[in-house]
Enquirer: 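This is the structure I have questions about; it appears just below.
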Amino acid sequence: MIELEGLTKRYGEKLAVDHLTFTVRPGVVTGFLGPNGAGKSTTMRMMLGLDRPTEGHVRIDGQRYEDLTDPLKYIGALLDAKAMHGGRSAHNHLLCLAQSNGIPASRVREVLDTVGLTSVARKKAKGFSLGMGQRLGIAGALLGDPRILMFDEPVNGLDPEGIHWIRTLMKSLASQGRTVFVSSHLMSEMALTADHLVVIGQGRLLADTTMADFIARNSRSFVRVRSPQYEQLRDALHQAGITVVEAGGGALEVDGDMAEPIGELAARHHLVLHELSPRQASLEEAFMRLTAESVEYHAHSGPAPDREWRGDLEHGKKVG
């Protein structure tokens, strides 16, 4: 279990993390979300003692990270897949980690096999692709067979098979009662992987809840219904006191969880339905809605700069 209490980090006048308090519990995959600049990486670095908090503290199974003996046996982490000596082979990279944490050398072979790198174990890491580097970083996180695992953007560079593999691995680790904490910007993948979400914006906690509750609280749920007897269906819904919105394409929309009442109403009136589908926003849509006011870096769509402005940019000039 990971416990944060009042965790705060300032860099001069910049408040990167603002009194974060939450608990990452075992047995579920907890997703850690936030826009760019929200403070996710800084928070994860403070969890691992890589950055010192300005205020507050972090406890790893009740202890500070710096007080852990052989920390890889308590918590394994992948924060940067490139954080390795490129001149070492995959095997020797892991062997160095094992020897410094009292882990038997036999464990190196086990984790290399787990992540699918046995065939390249003797190759130097500097020749690895991004995906292979990710796998080696995950192997390092698993090396001490820890009860807690942290992953920052673990699917970067992985092919579809690799993405499916890491998703299955994280779910398997959580099912074993381990604490799994994962940060990612890939919302579609997070929706398939995480059971619980912690969302931050501008360093502050915005949500700490289940995946289902997060989407329900931050999105619109509705029922889409289509019928060749469009007008009769619309009139029947109105007569029943149900508010409908004409959605175009011969469809009607009704807010809320109304699929069953609508189906029963249509049956009573002998109306044919071509569609009766409950709809809910995706995780991405719910996330965008919640964090709209917390985005630090905004991109703006619009026409390309005119020729004069482009020329000034190329020559380092500022106009206006």
Side-chain angles (χ1 to χ4, degrees), residues 20-25 27-35 38 40 167 170-171 174-175 180-202 204-295 298-299 301:
L20 284 183
T21 298
F22 63 84
T23 299
V24 187
R25 301 186 182 281
V28 296
V29 177
T30 299
F32 191 35
L33 305 181
K40 300 188 304 299
R167 181 200 312 151
M170 288 189 287
K171 285 181 171 290
S175 71
V180 181
F181 190 56
V182 54
S183 172
S184 178
H185 285 110
L186 192 58
M187 293 292 159
S188 58
E189 188 57 34
M190 189 67 82
L192 295 172
T193 306
D195 309 292
H196 196 92
L197 292 177
V198 173
V199 184
I200 65 173
Q202 296 181 342
R204 296 187 297 273
L205 184 67
L206 300 180
D208 180 3
T209 186
T210 64
M211 175 71 73
D213 185 63
F214 178 80
I215 294 176
R217 286 175 178 268
N218 296 285
S219 65
R220 173 189 173 225
S221 62
F222 63 96
V223 176
R224 178 182 170 89
V225 57
R226 288 189 303 112
S227 170
Q229 298 158 288
Y230 178 87
E231 293 183 357
Q232 295 97 311
L233 175 61
R234 182 191 58 196
D235 293 343
L237 290 168
H238 278 253
Q239 291 169 9
I242 298 174
T243 301
V244 300
V245 176
E246 297 184 5
L252 299 170
E253 292 181 358
V254 177
D255 281 344
D257 184 14
M258 294 290 290
E260 290 184 5
I262 292 171
E264 292 168 359
L265 181 146
R268 287 196 302 270
H269 288 78
H270 307 288
L271 299 174
V272 175
L273 296 183
H274 285 176
E275 179 181 0
L276 179 63
S277 55
R279 301 289 182 92
Q280 193 171 48
S282 66
L283 172 61
E284 180 178 20
E285 292 168 318
F287 172 79
M288 295 288 285
R289 179 173 180 177
L290 177 66
T291 61
E293 301 301 320
S294 301
V295 176
H298 290 274
S301 60

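One is the number of the first residue; the rest follow in order along the sequence. Basis for what follows: all heavy atoms, side chains included, without hydrogens, waters or symmetry-related copies.
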Enquirer: For Asp213, does the CG atom sit with more than 12 other heavy atoms under 6.0 Å from it, leaving out its own atoms?
Expert: yes

Enquirer: Taking atom CG of Leu252 and atom CD of Glu246, what is their separation to the nearest 0.5 Å?
Expert: 6.5 Å

Enquirer: Between Asp208 (side chain) and Val198 (backbone), is there a donor-acceptor pair under 3.5 Å?
Expert: no

Enquirer: Tell me if the CE atom of Met288 is crowded by more than 12 foreign heavy atoms within 6.0 Å.
Expert: no

Enquirer: Let me see the working for Leu283 and Ile215 under side-chain contact (heavy atoms from CB on, under 4.5 Å), right down to the final yes or no.
Expert: CA-CA 6 Å; Leu283 172 61; Ile215 294 176; 4.3 Å; yes

Enquirer: Measuring from atom CG of Leu271 to atom CD of Gln232, what distance do you get when rounded to the nearest 0.5 angstrom?
Expert: 6.5 Å

Enquirer: Return the NZ to CG distance between Lys171 and Asp195, rounded to the nearest 0.5 Å.
Expert: 5.0 Å

Enquirer: Starting at CE of Met190, measure out to CE of Met211 and round the result to the nearest 0.5 Å.
Expert: 7.0 Å

Enquirer: Between Leu276 and Val223, is the side-chain contact (heavy atoms from CB on, under 4.5 Å) condition met? List the steps.
Expert: CA-CA 7 Å; Leu276 179 63; Val223 176; 3.7 Å; yes

Enquirer: Is the closest side-chain heavy-atom distance between Leu237 and Leu265 below 4.5 Å?
Expert: yes

Enquirer: Step by step, work out the side-chain contact (heavy atoms from CB on, under 4.5 Å) result for Leu290 and Arg217.
Expert: CA-CA 9 Å; Leu290 177 66; Arg217 286 175 178 268; over 6 Å; no

Enquirer: List the atom of Arg226, the atom of Gly249, and the distance in Å for their closest heavy-atom pair.
Expert: CD-O, 4.0 Å

Enquirer: For the residue pair His185 and Lys40, establish whether any side-chain heavy-atom pair is separated by less than 4.5 Å.
Expert: yes

Enquirer: Which heavy-atom pair separates Pro35 from Gly201 by the least distance, and what is that distance?
Expert: CD-CA, 4.4 Å

Enquirer: With a 4.5 Å cut-off on side-chain heavy atoms, are Leu273 and Leu233 touching?
Expert: yes

Enquirer: To the closest 0.5 Å, what do you measure between CZ (Arg279) and OG (Ser221)?
Expert: 12.5 Å

Enquirer: Report yes if the side chains of Ser188 and Glu284 come closer than 4.5 Å at any heavy-atom pair, otherwise no.
Expert: no

Enquirer: Which heavy atom of Gly248 sits nearest a heavy atom of Arg224, and at what distance?
Expert: O-NH2, 4.4 Å

Enquirer: Looking at Phe214 and Ala286, what are the two nearest heavy atoms and their distance?
Expert: CE2-CB, 3.9 Å

Enquirer: Under 4.5 Å between any side-chain heavy atoms of Arg25 and Thr30, yes or no?
Expert: no

Enquirer: Roughly how far, to the nearest 0.5 Å, is CG of Asp235 from CD of Gln229?
Expert: 12.0 Å

